[in-house]
Amino acid sequence: MITNLQLPSVITVDGPSASGKGTLADTIAQKLGWHWLDSGALYRLSALSIMNNGIPPDNETKIADAARNLNVCFKNQQVLLDNDDVSDSLRQEEVGALASRIATYPLLREALLERQRAFRKAPGLVADGRDMGTVIFPDAKLKIFLVADVGKRAERRYKQLIEKGISANLSVLLEELRLRDERDMNRSLAPLAPAPDAKIIDSSNLTVNETVARVMAYWAELNPVT
Ligand code: DC
């Protein structure tokens, strides 16, 4: 029988949109030499796949089938869907909004469950999303819940888009983030919420390096050098 003792360790990073979870999780994974799961990308890929294949956003069964059969490959920083590089289109606001909408479907969440758990490989996994610590990896050794003021998050997203040469409107971004938070927190299944044993970090006034340092300090506390 396989017990949890034999499974590779997991660190989870959950939190709302644009809180910096992805950058944090990726950096921690690199520092530890572990794998990284960006679970939001799987919801975004499902959204992109139904957009590409003309599947209506209210057809839960077909959406779950599409997610189960996603032909996806994560290659360094690139994401390939049906052999097309979709790394940039995945980040579009339209795709994120549709992902948040379909993420309320139980059949879709069920379809993505094992795909997410399959990322748990030696020497370890850092997984970011909304329900990593509560539903997907409840036995994770360290659970982080990253929050930041919605105004700060909108500013960060605005800067990122402008730097990429994409035009953006700060008040529209703020409104979209509020809507997304509302939907992600209030859905009945796997809502965005900290696990009871999660460490909550507010990054509103922290740099990326400071946030990374806090997580590494929590990890060091759990693994004291003797
Ligand atoms: O983290 P993100 O913005 O890339 O995620 C896009 C949407 O996917 C998010 O609004 C809600 C959904 N999601 C989810 O329901 N559960 C996860 N573990 C990750 C993302």
Side-chain angles (χ1 to χ4, degrees), residues 10-29 35-51 57 60 63-64 66-67 70 72 74 77 79 81 86-120 125-138 140 143-148 150 153-154 156-158 160-161 164 168 173-195 198 203:
V10 179
I11 296 177
T12 58
V13 181
D14 289 305
S17 293
S19 56
K21 326 178 278 302
T23 308
L24 176 63
D26 183 19
T27 311
I28 300 291
H35 302 279
W36 171 37
L37 163 63
D38 166 8
S39 63
L42 295 175
Y43 288 89
R44 286 171 183 265
L45 282 160
S46 307
L48 200 59
S49 165
I50 68 165
M51 283 162 85
E60 184 173 347
I63 293 172
L70 279 178
V72 56
F74 293 93
Q77 296 301 321
V79 187
L81 179 63
V86 294
S87 321
D88 286 339
S89 31
L90 268 194
R91 307 302 345 150
Q92 286 167 8
E93 286 303 309
E94 188 194 357
V95 176
L98 181 60
S100 166
R101 182 172 164 198
I102 62 176
T104 58
Y105 296 150
L107 290 180
L108 173 62
R109 304 201 75 83
E110 177 63 34
L112 291 178
L113 191 85
E114 285 313 318
R115 205 185 263 266
Q116 292 173 88
R117 290 193 175 144
F119 279 79
R120 185 174 197 163
L125 173 71
V126 185
D128 80 76
R130 305 293 187 292
D131 59 345
M132 297 297 100
T134 49
V135 176
I136 309 295
F137 302 109
K143 299 178 185 178
I144 303 294
F145 195 77
L146 188 66
V147 295
V150 69
R153 288 189 276 131
R156 286 181 195 160
R157 176 68 46 98
Y158 178 80
Q160 281 170 353
L161 291 171
K164 279 191 195 159
L173 282 176
L174 186 65
E175 198 41 43
E176 280 172 357
L177 278 181
R178 285 208 174 106
L179 271 175
R180 189 103 73 87
D181 285 355
E182 165 92 14
R183 187 157 40 204
D184 292 347
M185 284 188 293
N186 293 319
R187 64 175 178 233
S188 51
L189 193 67
L192 168 66
S203 74

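When a ligand or atom number is given, it counts from 1 through the structure's own listing order. These numbers were taken from a predicted model, which means no experiment stands behind them.
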Nearest protein heavy-atom contact for [atom]: which residue, which atom, what distance?
{"atom": "atom 16 (N) of ligand 1", "result": "Arg109 NH2, 3.1 Å"}
{"atom": "atom 19 (C) of ligand 1", "result": "Ser39 OG, 3.4 Å"}
{"atom": "atom 1 (O) of ligand 1", "result": "Arg130 NH1, 2.8 Å"}

**OP:** Tell me which part of Glu93 gets within contact of ligand 1: side chain, backbone, both or neither, using heavy atoms under 4.0 Å.
**Re:**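 No part of Glu93 is near ligand 1 at this cut-off.
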
[X] heavy atoms, cut-off 4.0 Å: which ligand 1 atoms fall inside?
{"X": "Ala103", "answer": "12 (C), 15 (O)"}
{"X": "Arg44", "answer": "2 (P), 3 (O), 4 (O), 6 (C)"}
{"X": "Met132", "answer": "18 (N)"}
{"X": "Asp184", "answer": "9 (C), 10 (O), 11 (C)"}
{"X": "Asp131", "answer": "16 (N), 17 (C), 18 (N)"}
{"X": "Gly129", "answer": "18 (N), 19 (C)"}

Between [Y] and [X], does any NZ, NE, NH1 or NH2 come within less than 4.0 Å of an OD or OE carboxylate oxygen?
{"X": "Glu93", "Y": "Arg180", "value": "yes"}
{"X": "Arg153", "Y": "Asp181", "value": "yes"}
{"X": "Arg109", "Y": "Asp131", "value": "yes"}

Original post:
Got a donor-acceptor contact below 3.5 angstrom from the Asp26 side chain to the Gly22 backbone?
Top reply: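 Here the side-chain-to-backbone pair does not exist.
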
**OP:** Only one of Asp184, Asp14, Asp38 passes salt bridge (charged side-chain N to carboxylate O under 4.0 Å, His left out) with Arg130; say which it is.
**Re:**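 Result for salt bridge (charged side-chain N to carboxylate O under 4.0 Å, His left out) with Arg130: Asp184.
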
**OP:** Measure the CZ-NZ distance between Phe145 and Lys21 for me, rounded to the nearest 0.5 Å.
**Re:**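 Interatomic distance, Phe145 CZ to Lys21 NZ, rounded to 0.5 Å: 9.5 Å.
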
Return yes or no for this condition: an N or O of [X] is under 3.5 Å from an N or O of ligand 1.
{"X": "Tyr43", "value": "no"}
{"X": "Asp38", "value": "no"}
{"X": "Gln116", "value": "no"}

Smallest separation among heavy atoms of [X] and [Y], with atom names:
{"X": "Pro57", "Y": "Ile50", "value": "CA-CD1, 4.1 Å"}
{"X": "Ala97", "Y": "Arg183", "value": "O-NH2, 3.6 Å"}
{"X": "Ser203", "Y": "Ser19", "value": "OG-O, 3.6 Å"}

**OP:** Could you establish whether Arg183 and ligand 1 come within less than 4.0 Å of each other, counting only heavy atoms on the residue side?
**Re:**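 Under 4.0 Å: no for Arg183.
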
**OP:** Examine ligand 1 and decide if any of its atoms is less than 4.0 Å from a heavy atom belonging to Arg91.
**Re:**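 Arg91: in contact with ligand 1 (<4.0 Å).
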
Original post:
Would you say the side-chain atoms of Arg101 and Tyr43 include a donor-acceptor pair closer than 3.5 Å?
Top reply: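 No.
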
